[in-house]
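Only this structure's heavy atoms are used, side chains among them; waters, hydrogens and symmetry mates stay out.
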Amino acid sequence: MSAALKYTLGRIGLFVAVLAGLWLIDMNVFLKLMLALAFSAALSFFLLRGWRDEMAEEMGTAAERRRTEKERLRSALAGEDNPNPTRPAEGPDTPR
């Protein structure tokens, strides 16, 4: 299961649990929903830290992979035969 899915389901589960606890209190339904949203957000900050960090790491890795692939495709489309993107390719404007 992906980290984003785990974190999302954890947030929804916390919201439902807090809402179920507030349901026993006699107050306006809209107020119950707003309080459940606020309390579940605060609780998820502490309780779901590991899943949030795991999701951020997963997203960072995917972004880096996309950035590398994009750079590789750009250099291939430009006709550069440079397998090492950190080393500049020699071209007509490159001093020798």
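Checked against salt bridge (charged side-chain N to carboxylate O under 4.0 Å, His left out), Arg67 has the following partners two or more places apart in sequence or in another chain: Glu64. Taking the salt bridge (charged side-chain N to carboxylate O under 4.0 Å, His left out) definition, one finds that Arg74 meets it with nothing, sequence neighbours left out.
Counting only residues at least two apart or in different chains, salt bridge (charged side-chain N to carboxylate O under 4.0 Å, His left out) contacts with residues 1-29 comprise Lys6-Glu54. Identified under the side chain to side chain donor-acceptor pair (under 3.5 Å) test for residues 27-41, with sequence neighbours left out: none.
In the hydrophobic cluster analysis, where Ile, Leu, Val, Met, Phe, Trp and Tyr join through side-chain heavy atoms closer than 4.5 angstrom, Phe15 is grouped together with Val29.
Within a 6.0 Å sphere centred on CD of Glu58, other residues, nucleotides and ligands contribute more than 12 heavy atoms.
Between Arg72 and Glu69 there is a salt bridge, with a side-chain nitrogen of the basic residue lying less than 4.0 Å from a carboxylate oxygen of the acidic one.
Within the hydrophobic cluster formed by Ile, Leu, Val, Met, Phe, Trp and Tyr side chains joined at under 4.5 Å, directly or through other members, Met1 is accompanied by Leu5, Leu9. Grouped by direct or indirect side-chain proximity (heavy atoms under 4.5 Å, Ile/Leu/Val/Met/Phe/Trp/Tyr only), Phe39 sits with Tyr7, Leu14, Val18, Leu22, Ile25, Met27, Leu31, Leu35, Leu43, Leu47, Leu48, Trp51, Met55, Met59.
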